Amino acid sequence: MSPSSPSSPSSKPLLEVRGLTKRYLGLTAVDSLSYQVEPGAIVGLIGPNGSGKSTSIDCISGFQPVDGGEWTLDGQPLAGMAPHRIARAGLTRTFQTVRAYDELSLLENLCVAAQENDGSGWLASLGRSRAVRDKEAAAAERARGLLQTVGLIGYADAPAAILSYGQRKLLAIAASMMARPRLVVLDEPVAGVNPTMVRHIETVIRQLNSEGVALLIVEHNVDFIMNLCQRVVVLEAGRKIADGPPGLIRTDPRVLAAYLGKKAAAAEEVRHD
Ligand SMILES: Nc1ncnc2c1ncn2[C@@H]1O[C@H](COP(=O)(O)OP(=O)(O)O)[C@@H](O)[C@H]1O
Ligand SMILES: [Mg+2]
């Protein structure tokens with residue numbers, strides 16, 4: 001339980017990461033990384049392949065143990081906490097590889113997500129008390145609202161198996177919202193998705209953000225990030241090499257050398273394939 005505090009000044013960061021470090025054997029995948037996400041902001045996290053983006057978000061969401069550093073959400077320290085406790089504290093995430101229970105309906109998928117974040121387990125709650133059933137009814141109502149927001153309400157009772165890849169990404173975004181988080185971390189929300197769906201996902205993200213949730217978005221699609229984010233953090237080899245508004249990031253020489261240089265090299269490789 002966090003103590004109730006007087007209204008905090010708006011300059012106080014929502015997420016504050018300080019000195020985050022993660023090693024895999026001899027490799028330092030994330031190296032003393034520090035950054036902030038302000039309340040209600042959309043922040044992008046970009047960098048070449050292997051620069052530590054996924055590892056860093058796995059760490060702050062509790063899915064990887066860390067070797068150093070600390071991070072707080074609205075002042076509450078989160079280091080060492082399990083993912084469902086971090087979710088309850090207000091930080092949830094999606095995964096690059098979309099996860100859904102194919103045989104369950106979209107509504108059921110969202111209710112399972114709510115229970116997972118709750119730490120109580122969906123199956124364990126079956127047949128339990130009236131209070132549990134009330135909680136499930138509230139979750140179902142929230143789920144319907146979120147399916148409306150992401151444009152999947154028409155499939156609420158259909159099995160997730162019928163969804164396209166892009167629709168699965170939308171379902172995952174809706175699932176991440178079930179716990180009423182303050183901050184959602186999206187891992188590659190538009191990777192492998194067609195351009196029409198990319199625009200739809202962008203609209204959904206803006207809508208959720210306008211309702212008050214802050215977002216930290218890891219993406220390979222640099223244009224998507226530059227359009228959507230107020231601030232962009234750039235990683236290279238586990239270290240932060242730039243942090244600022246898109247206009248400055250686009251022209252930052254270190255970013256051009258590290259990120260766009262490698263992209264150009266990759267394009268060159270493709271041409272020679
Ligand atoms: N489970 C793991 N075991 C060992 N090395 C890993 C593991 N996960 C990632 N790495 C390494 O850590 C570095 C950062 O990887 P990752 O965080 O996946 O980068 P990104 O998401 O930016 O592509 C890479 O060199 C990668 O090979
Ligand atoms: Mg990654």
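What you see below is based on every heavy atom in this structure, not just the backbone, and it leaves out hydrogens, waters and symmetry mates. Being a predicted model, the structure only gives us computed values, none of them experimental. Every number for a ligand or one of its atoms is a count from 1 in the order of the listing.
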Residues, nucleotides or ligands: over 12 heavy atoms within 6.0 Å of Arg206 CZ: yes
Neighbour count >12 (heavy atoms, 6.0 Å) for atom CZ, Phe63: yes
What atoms in ligand 1 come closer than 4.0 Å to a heavy atom of [X]?
{"X": "Leu27", "answer": "11 (C), 12 (O), 13 (C), 25 (O)"}
{"X": "Asn49", "answer": "23 (O)"}
{"X": "Pro48", "answer": "22 (O)"}

Under 2.8 Å: N/O/S of Asn49 next to the Mg ion (ligand 2): no
Considering non-hydrogen atoms of the protein only, which is the closest contact for [atom], and what is the distance?
{"atom": "atom 6 (C) of ligand 1", "answer": "Tyr24 CD1, 3.2 Å"}
{"atom": "atom 17 (O) of ligand 1", "answer": "Thr55 OG1, 2.6 Å"}
{"atom": "atom 18 (O) of ligand 1", "answer": "Ser54 CB, 3.9 Å"}

Gap between atom NZ of Lys240 and atom CZ of Arg254 - 0.5 Å precision: 11.0 Å
Of Leu152, Asn209, Val150, the residue whose pairing with Val204 passes side-chain contact (heavy atoms from CB on, under 4.5 Å): Val150
Best match, Gly52, Ser51, Gly26, Gly50: closest heavy atom to atom 13 (C) of ligand 1: Gly50
Part of Val30 with heavy atoms under 4.0 Å of ligand 1, whether side chain, backbone, both or neither: neither
SB check Arg93 Asp58 (cutoff 4.0 Å): yes
Least distance between heavy atoms, Asp67 atom then Arg23 atom: OD2-N, 2.6 Å
Minimum-distance pair of heavy atoms, taken over all atoms of Gln96 and Ser54: OE1-OG, 4.1 Å
Close N or O approach (Lys53, ligand 1; < 3.5 Å): yes
Sub-4.0 Å heavy-atom approach of Gly47 to ligand 1: no
Derivation and outcome, side-chain contact (heavy atoms from CB on, under 4.5 Å), residues Glu38 and Arg231: CA-CA 10 Å; Glu38 301 75 21; Arg231 201 154 55 71; 3.0 Å; yes
Per-atom contact, atom 27 (O) of ligand 1, protein heavy atoms, under 4.0 angstrom: no
